[in-house]
Amino acid sequence: MTKRRILVTAALPYANGHIHIGHLVEYLQTDIWVRFQKLRGNDCRYMCADDTHGTAIMIRARQENRSEEELIAEMQAAHERDFADFDIEFDNYGSTHSDENRALCAEIWQSIRDAGLVKEKDVEQLFDPEAGTFLADRFVRGTCPKCAATDQPGDNCSSCGTTYSTAELVDPKSTLSGATPEVRSAKHLFIELEQLHEFLNDWTQCGKHLQPEIANYLKGHFLGDPLRDWDISRPAPYFGFEIPDSPGNYWYVWFDAPIGYMASTKQWCDRQGEDFNDWWKSADCEVHHFIGKDITYFHTLFWPGMLKTAGYSLPTKVHIHGFLTVDGEKMSKSKGTFVNARTYLNHLDPNYLRYFYAAKLSSKVDDIDLSLDEFIVKVNTDLVGKVVNLASRSAKFVAKVGLSTEYPDDGGLFDEAASMADEIAQAYEECNYSKAMRLIMGLADRANPYVEENKPWELRKDDEQAQRLQDVCTVALNLFRQIAIYLSPVLLKLAQQAGELLNDPITHWDQAKTPLLGTPVNKFKHMLKRVEEKDVQKMIEESKEAGEAASAAGDVAIEDRWNDSGEALTAEPLAEECTYDDFIKVDLRVARIVSAEHIAEARKLLKLQLSLGGGKTMQVFAGIKAAYEPEKLVGRLVICVANLAPRKMKFGLSEGMVVASGPGGSEVFLLSPDDGAVPGQRVH
RNA sequence: GGUCCGGUAGCUCAGUUGGUUAGAGCAGGGGACUCAUAAUCCCUUGGUCGGGGGUUCGAGUCCCUCCCGGACUACCA
């Protein structure tokens, strides 16, 4: 087989936060793939870097009163430690804030200019006069222009869900300084992606570069219409690279981040004496990107467009994975399931997570779930009970004599496992690790009965059976070694231990084809501890404490025996102060729901008739369908906004709103007055 | 509402181009063994393959339709 040259990247972690177990899905998925390729003898290189630019980094550095460089250096060191401790091994780990990246950005930019893809447009954006900076959407909060909810983010309303531009916000405030931002016009540079539409259509739809569901998604959501211009610049001040031919403007972080893949490769090439063009401008070299589904659009439209225009290799494949849930839910700081890599390492062996993720990952974009109970059971039964057990139950019987010099008759077990090498390899190659793990565990399931049937513990009692004993253990240890080879992309430590035990290092996939014979066998050393439930709990507890500390930071906690989580407050911080006059503008009334009905076509809305008493009624559409059965609402009292300007909705006129708390969906909680209140009473 | 992906044993899933009585691991029940990290081995309970139609000699597998779950995406006062 010819040796493939393969360049692999994982998405660059942002320098604004620590690595957590959600990130690790990707870095482990990629690391396993790279280790597999290397084990097969391919010339495969794993490149990554910290993503360091953007407003968020600039702001944080300011808040911490230090330079951006200091901040990103510290974060990068932390990232690299976390990765290394999870046995994630990069051939080069760089930074987007590097000379190599700056040079490559300039070169690619020039190509894009030369191709006539760049145009200038004025953009109105909010500017913070006190902080002296333009504000990205998330640094502005204000009143929703549609529903008048206060303290809403700059790009969409968390109350009514409307999306809008920051310039449309009513009474906007900068979250940096609290100042009222001014609308300022600034020149921005855009890439006219539409000029590459036909190319992108072909590239995304040809069936080779993307998973089918992703190709479909792009076709449905983007490629059906003209592609929008991509706003690629940000005016100063901005932490990043200034655009050489446009002083005062900086490349938007999403321009220079993927180029960071190349810059990291460049560093490696310079160090190794390799030719950069062999990796990025060669038809003989495959380029594989591993990313999460959240950044699909940058990697499947902009990035191929940039590479194409600049004359570099296009990605051979973009492998896209889903998100991690823990016990079926989004990771949650208050539940302690938002676990940082370091917190995990404080309590558990990284190999557990490597194996568990491998057992769960497929080539689909589906989210994967880390069920903590399943995690414990799976790791213990598969790795300890089935795999390691094979070695630990047979090694000591041959510690003195070593392995037999001829491979004994094992009923075809070894050959059978050897013949599965291609099928297992294929599963790894396709990123279908769950299938690979299933096949490998099947081998362990066949190996243990062999030991059982041949009873080495009885053979050792009879000196005349010494040869037979050695043979049986030779078989068991060779079956164990085969499994360790197949698992070595996932569990390199186990492969190392197997190599040490049998005095023959595992370095190549094909070692699984030939039994190991005649080598000495070392004293068996414990290979993998069982997962203890209490350690998992301690990890969750530590994460929970960290989450609580973060949300309580800045607030003086008074004694609170209910110990309510700070999550709700964090999700939706307090609005700015208002006056009594402001408050009384809103006429809140007690109302009785006199009818409530489903609207078949509406997913979130119920149609309500509210009575304020005396025959006065109002029709209200409320987004509570997922939380309440209409028949259970009829008759109850609620609080409504009675003087809200009526609004025409898809299903009719809504004349007010009922007030409720909660994040939305099925988590909506209507307010009720205490007993005694009657419809029509005003809330003061 | 649109697009896409799923719905197979209590749980996690496998079921190749439609082809014998639908499988595995785990969990549950019973037994055995003691070399091994209370690991292992044997036996065993358990499924109208989401529902209903259709195509076919034959459907978990193909077609239609409905129901349910998830993801993305409108709208959601």
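Within every chain, numbering begins at 1; the chains are lettered A, B, ... in the order of the sequence lines, protein sequences first and strands thereafter. Just the heavy atoms: all of them, side chains too, but no hydrogens, waters or symmetry mates, feed the values below. What you see is a predicted model, and the numbers here were worked out from it, not measured in a lab.
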(request) Mind checking A:Met441 for me? I need base, sugar-phosphate or nothing, with any heavy atom below 4.0 Å counting as a touch. (result) nothing

(message) At 4.0 Å (heavy atoms only), tell me whether A:Lys435 reaches a base, stays on the sugar-phosphate, or touches nothing.
(response) nothing

(request) Name the nucleic acid region contacted by A:Phe524, choosing base, sugar-phosphate or nothing; use a 4.0 angstrom heavy-atom cut-off, strictly under. (result) nothing

(request) Determine the contact category for A:Asn380: base if any of its heavy atoms lies under 4.0 Å from a base atom, sugar-phosphate if only primed atoms, P, OP1 or OP2 are that close, otherwise nothing. (result) nothing

(message) Between A:Arg438 and B:C13, is there a contact of a side-chain N or O with OP1 or OP2 at under 4.0 Å?
(response) no

(message) Categorize A:Val365 for me: base, sugar-phosphate, or nothing, with a 4.0 angstrom heavy-atom threshold over every strand shown.
(response) nothing

(request) Have a look at A:Gly442 and say if it touches a base, only the backbone sugar-phosphate, or nothing, with a 4.0 Å heavy-atom cut-off. (result) nothing

(message) Does A:Val377 reach a base, just sugar-phosphate, or nothing at all? Heavy atoms under 4.0 Å.
(response) sugar-phosphate

(request) For RNA chain B, determine which residues of residues 451-466 of chain A have any heavy atom closer than 4.0 angstrom to one of its atoms, and list them numerically. (result) A:Glu452, A:Trp457, A:Arg460

(message) With side chain to side chain donor-acceptor pair (under 3.5 Å) as the rule and sequence neighbours excluded, what pairs involving residues 482-503 of chain A come up?
(response) A:Asn503-A:Asn522

(request) Answer with base, sugar-phosphate or nothing: what part of the nucleic acid does A:Lys386 contact at a heavy-atom distance below 4.0 Å? (result) sugar-phosphate

(request) Classify the side chain of A:Asn389 and the base of B:A36 as holding, or not holding, a donor-acceptor pair under 3.5 Å. (result) yes

